[in-house]
Trainee: 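The following block contains the structure, expressed as structure tokens.
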Amino acid sequence: MVQNNIEWNLTSDKCLEIIHLTLIDILTESKEYIKNIDDLIRMLNSRTKVYKLHNSRKYNSFSKYLKLEHDGFLNFIESYNFYGVVKTDKNISIKLYKNLADLDDLRYSGKRYTKDSEWIFIDDLGDEF
């Protein structure tokens, strides 16, 4: 998570709840639970413009919140296992894996512990030697 000095009107937990519920709603409405990233960001901002996220109009969108707090929309999406990124030659799409999304506890249920590019080494030698 990126550190900045911006004071938001909503808590981080509330922002994440609104973002996840809105994204899941948008993706559930789309065919095969997949949507182009540009359309998804536009629809996220459109559906959440009723929230007063920040006093300055410059920062009053959830895409701006994700950019500043999570180092971008794509980085945020890749942090959760119930979203998938589908890259083709010309565009990027986001897919929802609805069976992995726990709507009761979105804050922790789908959080990835590592990125796909990170390695975890487990020393499981135990008492064998």
Side-chain angles (χ1 to χ4, degrees):
M1 193 177 268
V2 178
Q3 297 295 324
N4 61 49
N5 296 330
I6 295 176
E7 292 186 30
W8 304 100
N9 292 336
L10 301 174
T11 65
S12 178
D13 289 343
K14 187 63 177 173
C15 288
L16 291 178
E17 178 185 353
I18 293 168
I19 292 167
H20 282 304
L21 291 176
T22 306
L23 290 176
I24 289 170
D25 189 42
I26 293 168
L27 290 168
T28 302
E29 293 171 1
S30 64
K31 185 180 178 183
E32 297 180 12
Y33 304 132
I34 194 165
K35 196 85 170 156
N36 179 289
I37 191 169
D38 297 327
D39 294 338
L40 188 59
I41 293 171
R42 182 183 47 76
M43 292 177 80
L44 171 69
N45 287 334
S46 175
R47 291 189 186 188
T48 57
K49 66 182 173 185
V50 296
Y51 296 99
K52 183 82 169 146
L53 186 59
H54 193 273
N55 291 331
S56 171
R57 190 175 170 154
K58 178 180 178 181
Y59 298 112
N60 205 23
S61 71
F62 280 96
S63 62
K64 184 66 79 170
Y65 172 84
L66 291 174
K67 181 177 182 180
L68 295 172
E69 295 294 327
H70 296 275
D71 203 25
F73 185 81
L74 197 55
N75 193 39
F76 171 79
I77 290 293
E78 290 175 337
S79 298
Y80 292 89
N81 65 0
F82 49 86
Y83 300 117
V85 178
V86 180
K87 295 181 181 181
T88 60
D89 292 338
K90 295 185 179 181
N91 64 30
I92 298 174
S93 297
I94 306 301
K95 181 169 179 56
L96 172 67
Y97 297 104
K98 196 169 183 176
N99 59 332
L100 297 176
D102 180 9
L103 297 178
D104 295 327
D105 190 16
L106 287 171
R107 189 170 51 156
Y108 298 114
S109 65
K111 190 74 172 160
R112 290 188 181 163
Y113 295 107
T114 63
K115 299 280 186 189
D116 294 336
S117 61
E118 295 176 353
W119 288 75
I120 298 176
F121 293 99
I122 300 173
D123 184 11
D124 192 24
L125 297 176
D127 295 330
E128 296 175 10
F129 292 103

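As a basis for the values below, the full set of heavy atoms in this structure was taken, side chains included, without hydrogen atoms, waters or symmetry mates.
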Trainee: Would you name the heavy atoms of Leu16 and His70 that are closest together and state the gap between them?
Mentor: CD2-NE2, 3.7 Å

Trainee: Between atom OG1 of Thr48 and atom CG of Leu21, what is the distance when rounded to the nearest 0.5 Å?
Mentor: 12.0 Å

Trainee: Can you measure from CZ (Phe82) to NZ (Lys98) and round to the nearest 0.5 angstrom?
Mentor: 12.5 Å

Trainee: Please examine the side chains of Ile94 and Val86, heavy atoms only from C-beta on, and report whether any two atoms are closer than 4.5 Å.
Mentor: no

Trainee: Testing Leu10, Ile6, Thr11 for side-chain contact (heavy atoms from CB on, under 4.5 Å) with Trp8, which one passes?
Mentor: Ile6

Trainee: Using the rule that two of Ile, Leu, Val, Met, Phe, Trp, Tyr join whenever any of their side-chain heavy atoms come within less than 4.5 Å, decide whether Ile34 and Leu40 are in one cluster.
Mentor: no

Trainee: Looking at every non-hydrogen atom in both residues, tell me the closest pair between Leu96 and Thr28 and how far apart they are.
Mentor: CD2-OG1, 3.7 Å

Trainee: Looking at side-chain heavy atoms only, is the closest gap between Phe76 and Leu23 below 4.5 Å?
Mentor: yes

Trainee: Does a side-chain heavy-atom distance below 4.5 Å link Leu44 with Phe73?
Mentor: yes

Trainee: Output all residues satisfying side-chain contact (heavy atoms from CB on, under 4.5 Å) with Arg47, sequence neighbours left out; order by chain, then residue number.
Mentor: Thr22, Asp25, Ile26, Glu29, Met43

Trainee: Below 4.5 Å, heavy atoms only, C-beta onward: do Val85 and Glu78 meet side chain to side chain?
Mentor: yes

Trainee: Tell me if the aromatic rings of His20 and Tyr83 count as close, with their centers under 6.0 Å from one another.
Mentor: yes

Trainee: Mind jotting down which residue pairs meet the salt bridge (Lys or Arg N to Asp or Glu O under 4.0 Å) criterion with at least one end in residues 81-90? Sequence neighbours excluded, please.
Mentor: none

Trainee: Is any side-chain heavy atom of Ile18 closer than 4.5 Å to one of Lys14?
Mentor: yes

Trainee: Report the C-alpha separation of Cys15 and Leu53 in whole Å, then their side-chain angles, then the decisive distance to 0.1 Å, and conclude whether the side-chain contact (heavy atoms from CB on, under 4.5 Å) test is met.
Mentor: CA-CA 8 Å; Cys15 288; Leu53 186 59; 3.5 Å; yes

Trainee: Using atom types as modelled and distance alone, determine if a side-chain donor or acceptor of Asn9 lies under 3.5 Å from a backbone N or O of Lys52.
Mentor: yes

Trainee: Would you confirm whether Lys95, through its side chain, and Glu32, through its main-chain N or O, come within 3.5 Å as a donor-acceptor pair?
Mentor: yes

Trainee: Any side-chain heavy-atom pair from Ile37 and Ser93 closer than 4.5 angstrom?
Mentor: no

Trainee: Would you check if Tyr51 and Phe62 make a side-chain contact, meaning some heavy-atom pair closer than 4.5 Å?
Mentor: yes

Trainee: Which distance, rounded to the nearest 0.5 Å, do you find between the CD1 of Ile77 and the CG of Leu66?
Mentor: 8.0 Å

Trainee: Looking at CG of Asn60 and NZ of Lys49, how far apart are the two atoms once the value is rounded to the nearest 0.5 Å?
Mentor: 11.5 Å

